[in-house]
Novice: 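This structure is in structure tokens; I'll ask about it shortly.
Please read these numbers as outputs of a predicted model, since none were measured by experiment. We number each residue from 1, following the sequence as shown.
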Amino acid sequence: MLMHMDRIGEGAIYAAGVWLARVHYTVTEDGAAIALRVYDGERDLFCPPIPAAELLLEFADGSHRWFRPSHGNPVAGTYTIIGH
């Protein structure tokens, strides 16, 4: 699944093609989950300012993953993406 990429890095979040935030990410060893921490931009990914059914996480190497935030803390800007 995400085994080929760096496990820790910086990425970006987009909604409907519009940049929302820069994040630090950590991929679990088995690639089943990704932890995100927003460090610049929109912190609340549950209610982004741009309506979108899914958000796009772009990794440092240019690969990407579509997701819907289901676990997280919008005040702290921390999230976990589970499954695919």
Novice: Using side-chain contact (heavy atoms from CB on, under 4.5 Å) as the criterion, list what pairs up with Ala76, not counting sequence neighbours.
Specialist: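 If we apply the side-chain contact (heavy atoms from CB on, under 4.5 Å) test to Ala76, skipping adjacent residues, the hits are Asn73, Thr78.
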Novice: How far apart are the closest heavy atoms of Arg7 and Thr28, and which atoms are they?
Specialist: NH1-O, 2.8 Å
Novice: Atom CD of Glu58 and atom NE2 of His64: how far apart are they, to the nearest 0.5 Å?
Specialist: 8.5 Å
Novice: Measure the spacing between CG of Leu45 and OG of Ser70 and express it to the nearest 0.5 Å.
Specialist: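 Leu45 CG to Ser70 OG: 11.5 Å, rounded to 0.5 Å.
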Novice: Locate the shortest heavy-atom distance separating Ala15 from Ala52; write the atom from each residue and the value.
Specialist: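 That would be CB-CB, 4.0 Å.
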Novice: Nearest 0.5 Å please: distance from the CH2 atom of Trp19 over to the CD1 atom of Ile50.
Specialist: 10.5 Å
Novice: Within this structure, what is the CZ-CD1 distance for the pair Arg22 and Ile13, rounded to the nearest 0.5 Å?
Specialist: 11.5 Å
Novice: Scan residues 39-50 for pairs that pass side chain to side chain donor-acceptor pair (under 3.5 Å), counting only residues two or more places apart or in two chains.
Specialist: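 Matches after skipping sequence neighbours: Glu10-Tyr39.
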Novice: So, does Tyr25 use its side chain to make a donor-acceptor pair with the main chain of Gly11 at under 3.5 Å?
Specialist: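 Checking the backbone N and O of Gly11 against the side chain of Tyr25, no donor-acceptor pair under 3.5 Å is found.
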Novice: Quick check: closest heavy atoms across Tyr14 and Ala12, and the distance to 0.1 Å?
Specialist: CE1-CB, 3.6 Å
Novice: Could you tell me which non-hydrogen atom of Pro74 sits nearest to which non-hydrogen atom of Gly72, and how far apart they are?
Specialist: CD-O, 3.9 Å
Novice: Before giving the answer on side-chain contact (heavy atoms from CB on, under 4.5 Å), spell out for Leu57 and Tyr79 the whole-Å C-alpha distance, their side-chain angles and the decisive distance to 0.1 Å.
Specialist: CA-CA 12 Å; Leu57 170 58; Tyr79 299 88; over 6 Å; no
Novice: Working to the nearest 0.5 angstrom, can you tell me the gap between Phe46 CZ and His71 NE2?
Specialist: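 One finds 8.5 Å between CZ of Phe46 and NE2 of His71.
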Novice: side-chain contact (heavy atoms from CB on, under 4.5 Å) with Pro48: which residues, sequence neighbours excluded?
Specialist: Leu20, Leu55
